[in-house]
Amino acid sequence: MSLQDIEIYGFDYDYTLAFYSSHLHTLIFNIARDILIQEHRYPEGLREYDYIPNFVIRGLHYDVQKALLMKIDAFHYIQLGTVYRGLNPVPEKEVIAMYEGSHVPLEIMSDFYGKSSHGHTMKQFMDIFSLPEMTLLSCVSDYFMKHNIDYEPVHLYKDVKEAIGDVHVRGIMYRAVEKYICYAEQTHAVLRKLSKNGKKMFLITNSPFDFVDRGMNYIVGKDWRDLFDVVIVQADKPGFFNDRRKPFRRVTDKGVLLWDRIHHLEKGQIYKQGNLYEFLRLTGWRGSKVLYFGDHIYSDLADLTLKHGWRTGAIIPELRKEIKIMNTEEYVHTMTWLQALTGLLEHMQVRPPGGALNNKTNLPKFNIFNAQFGSLFRTYHNPTYFTRRLSRFADIYMASLSCLLNYDLQHTFYPRRTPLQHESPIWPEQTSTGAMNIPFQSHSTTTGPE
């Protein structure tokens, strides 16, 4: 993907242009917990639970009927040791008995957008805002089990989902944004750079205008709207990309909805809802000259790349922490040892009968990333289901938009050529024994899909 070919840059807002402190997740958790107690009549004892910042990671699956949270790899296999009921791990033998192995059949996986339909499937949590939701589900399950309270898991899932939704719908979180918004890692500098180079820019977000306006005033300044050619709020993604029925509606600075028919999308105006087909008709911005950034792989990126041919960029804030860990001496040593051990196991399997090698040697578990679920991107050897979706729907991915400041706008991103299973490795660092002699290099925070 060459940036020279990109003429129009589009952006989501939350966790793309604006970032928030972890205290916002605590707020969401606390409010949703209190809604469960006050409005859904859940036990008062739930107030004993506080948000646990590092308990879960994004991309996990939740078995709605079994009330189990787990990590699944790119090929639908559960990573044993990462299945949790409440706040406690489920023994591997019990997991294998429940699923008759560790494979999750396609028919009970979540749908295209990671959603659970009718309580009969698994739900995949892909949104950064879903971290408090997963934690609340785990805490409530933990309370019920500790107090021997019989409960229907489907009801619990739906009640927690509704409580979390109420936090957003009622605007409680939006009113408190100033306390939690962080300076968005040189977002302003990125937008200025694109504007100076004559690039068109637009914003499509599900958040309301007042929320976006206060945040962008803080990040960029009161003239932030001058940088964007089109601003669309409360877009209702992913419906925005598929539903042709909703027309655009103009919104005044005070939030008043106007009734006039929209014939042009004008700079300086604010629009609500609408749909992508009307957007394409009114702007003419089609195909690979458009690059859109978002943090939600399904809601922001999937339809754009599959149906409309836009280029897509995923914002993955967790990359910063994971890359930092990958450059530690502990990680380098563990990976070198793992590669060498794997190579030896492969080689020694062909020894004649009577050999003493135990090829079931335990390989290290990478809880260096997260104590419960490990890395966002990998299971033991395979990519995670999250990584598979990321590689499918994002042309590039990065920790934040500030990474673009490292690249000239003529830069071309090339996908790394990794050998297939039947191809012989060409470079020495791609052989298991060669890995011991190659120093570990720093990873770029901007990278193309594998």
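The model shown is predicted, which means the values in this text are computed figures rather than measured ones.
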When you measure from the side chain of [X] to the backbone N and O of [Y], does any donor-acceptor pair fall under 3.5 Å?
| X | Y | value |
| --- | --- | --- |
| Lys71 | His61 | no |
| Thr387 | Phe377 | yes |
| Ser130 | Asp127 | yes |
| Thr305 | Leu301 | no |
| Gln372 | Asn54 | yes |
| Thr384 | Leu376 | yes |
| Asn197 | Lys193 | yes |
| Asp300 | His296 | yes |
| Arg311 | Ser288 | no |

Taking the side chain as every heavy atom from C-beta outward, state whether [X] and [Y] have any atom pair closer than 4.5 Å.
| X | Y | result |
| --- | --- | --- |
| Asn382 | Arg388 | no |
| Thr135 | Ile52 | yes |
| Trp310 | Leu280 | yes |
| Tyr9 | Tyr292 | no |
| Pro132 | Tyr51 | yes |
| Phe393 | Leu306 | yes |
| Leu390 | Tyr397 | yes |
| Lys199 | Ile8 | no |

Side-chain atoms of residues 201-208: list all donor-acceptor pairs with protein atoms under 3.5 Å, sequence neighbours left out, distances to 0.1 Å.
residue	atom	partner	partner atom	Å
Thr205	OG1	Ser207	N	3.0
Asn206	OD1	Asp236	N	2.9
Asn206	OD1	Lys237	N	2.7
Asn206	ND2	Lys237	O	3.2
Ser207	OG	Asp14	OD2	2.6

Practice problem: Using the ring of Phe29 (Phe, Tyr or Trp, six-membered ring only), decide whether Arg33 places NZ or CZ under 6.0 Å from its centre and within 45 degrees of its axis. | Solution: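 Checked: cation-pi criterion not met.
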Quiz prompt | Over-ring placement of Lys200 relative to Phe228, 6.0 Å and 45° cut-offs | solution =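 Judged by the rule (NZ or CZ under 6.0 Å from the ring centre, within 45° of its axis), Lys200 is not positioned above Phe228.
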Smallest separation among heavy atoms of [X] and [Y], with atom names:
| X | Y | answer |
| --- | --- | --- |
| Ile396 | Met1 | CD1-CE, 3.7 Å |
| Gly59 | Phe386 | CA-CD1, 3.9 Å |
| Ala399 | Ile315 | O-CG2, 3.6 Å |
| Arg47 | Ile37 | CG-CD1, 3.5 Å |
| Ala32 | Leu136 | CB-CD2, 3.7 Å |
| Gly86 | Ser141 | CA-CB, 3.8 Å |

Just verifying a value: how many Å separate [X] [atom1] and [Y] [atom2], rounded to the nearest 0.5 Å?
| X | Y | atom1 | atom2 | value |
| --- | --- | --- | --- | --- |
| Lys123 | Met134 | NZ | CE | 9.0 Å |
| Ile96 | His103 | CD1 | NE2 | 14.0 Å |
| Leu17 | His188 | CG | NE2 | 11.5 Å |
| Ile78 | Glu92 | CD1 | CD | 11.0 Å |
| Gln410 | Asp5 | CD | CG | 9.5 Å |
| Glu318 | Ile323 | CD | CD1 | 11.5 Å |

Please determine whether a side-chain nitrogen of the Lys or Arg among [X] and [Y] lies less than 4.0 Å from a carboxylate oxygen of the Asp or Glu.
| X | Y | value |
| --- | --- | --- |
| Lys158 | Glu152 | no |
| Glu133 | Lys161 | no |
| Glu423 | Arg417 | yes |

How about [atom1] on [X], more than 12 heavy atoms from neighbouring residues, nucleotides or ligands closer than 6.0 Å, or not?
| X | atom1 | value |
| --- | --- | --- |
| Glu100 | CD | no |
| Lys324 | NZ | no |
| His40 | NE2 | yes |

Exercise. Report the C-alpha separation of Val56 and Phe373 in whole Å, then their side-chain angles, then the decisive distance to 0.1 Å, and conclude whether the side-chain contact (heavy atoms from CB on, under 4.5 Å) test is met.
Key: CA-CA 7 Å; Val56 296; Phe373 300 99; 4.1 Å; yes
Quiz prompt | Steps toward side-chain contact (heavy atoms from CB on, under 4.5 Å) verdict (Leu68, Tyr84) | solution = CA-CA 6 Å; Leu68 297 176; Tyr84 275 71; over 6 Å; no
Are [X] and [Y], when compared by the centres of their aromatic rings, separated by less than 6.0 Å?
| X | Y | value |
| --- | --- | --- |
| Tyr143 | His147 | yes |
| His168 | Phe129 | yes |
| Tyr180 | His23 | no |
| Phe413 | His411 | yes |

Practice problem: Show the numbers, then the answer: is there a side-chain contact (heavy atoms from CB on, under 4.5 Å) between Met216 and Tyr13? | Solution: CA-CA 9 Å; Met216 291 299 285; Tyr13 177 69; 3.6 Å; yes
Quiz item: Step by step, would you call Arg378 with Asp73 a salt bridge (charged side-chain N to carboxylate O under 4.0 Å, His left out)?
Solution: CA-CA 7 Å; Arg378 279 200 176 275; Asp73 75 9; over 6 Å; no
Quiz item: For Trp337 and Val332, what are the C-alpha separation, side-chain angles and deciding distance, and is it a side-chain contact (heavy atoms from CB on, under 4.5 Å)?
Solution: CA-CA 9 Å; Trp337 181 77; Val332 174; over 6 Å; no
For [X] and [Y], test the side chains for any donor-to-acceptor distance below 3.5 angstrom and give the result as yes or no.
| X | Y | answer |
| --- | --- | --- |
| Asp63 | Tyr99 | yes |
| Asn242 | Asp303 | yes |
| Glu322 | Ser375 | yes |

Quiz item: Taking Gln124 as the fixed residue, which of Tyr62, Tyr385, Tyr298 is the one that meets the side-chain hydrogen bond (donor to acceptor under 3.5 Å, both in side chains) rule?
Solution: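 Filter result, single survivor: Tyr298.
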Self-check item: Phe11 and Phe293 aromatic ring geometry - parallel, tilted or perpendicular at 30°/60° bounds
Solution: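 Because their plane-to-plane angle is under 30°, the rings of Phe293 and Phe11 count as parallel.
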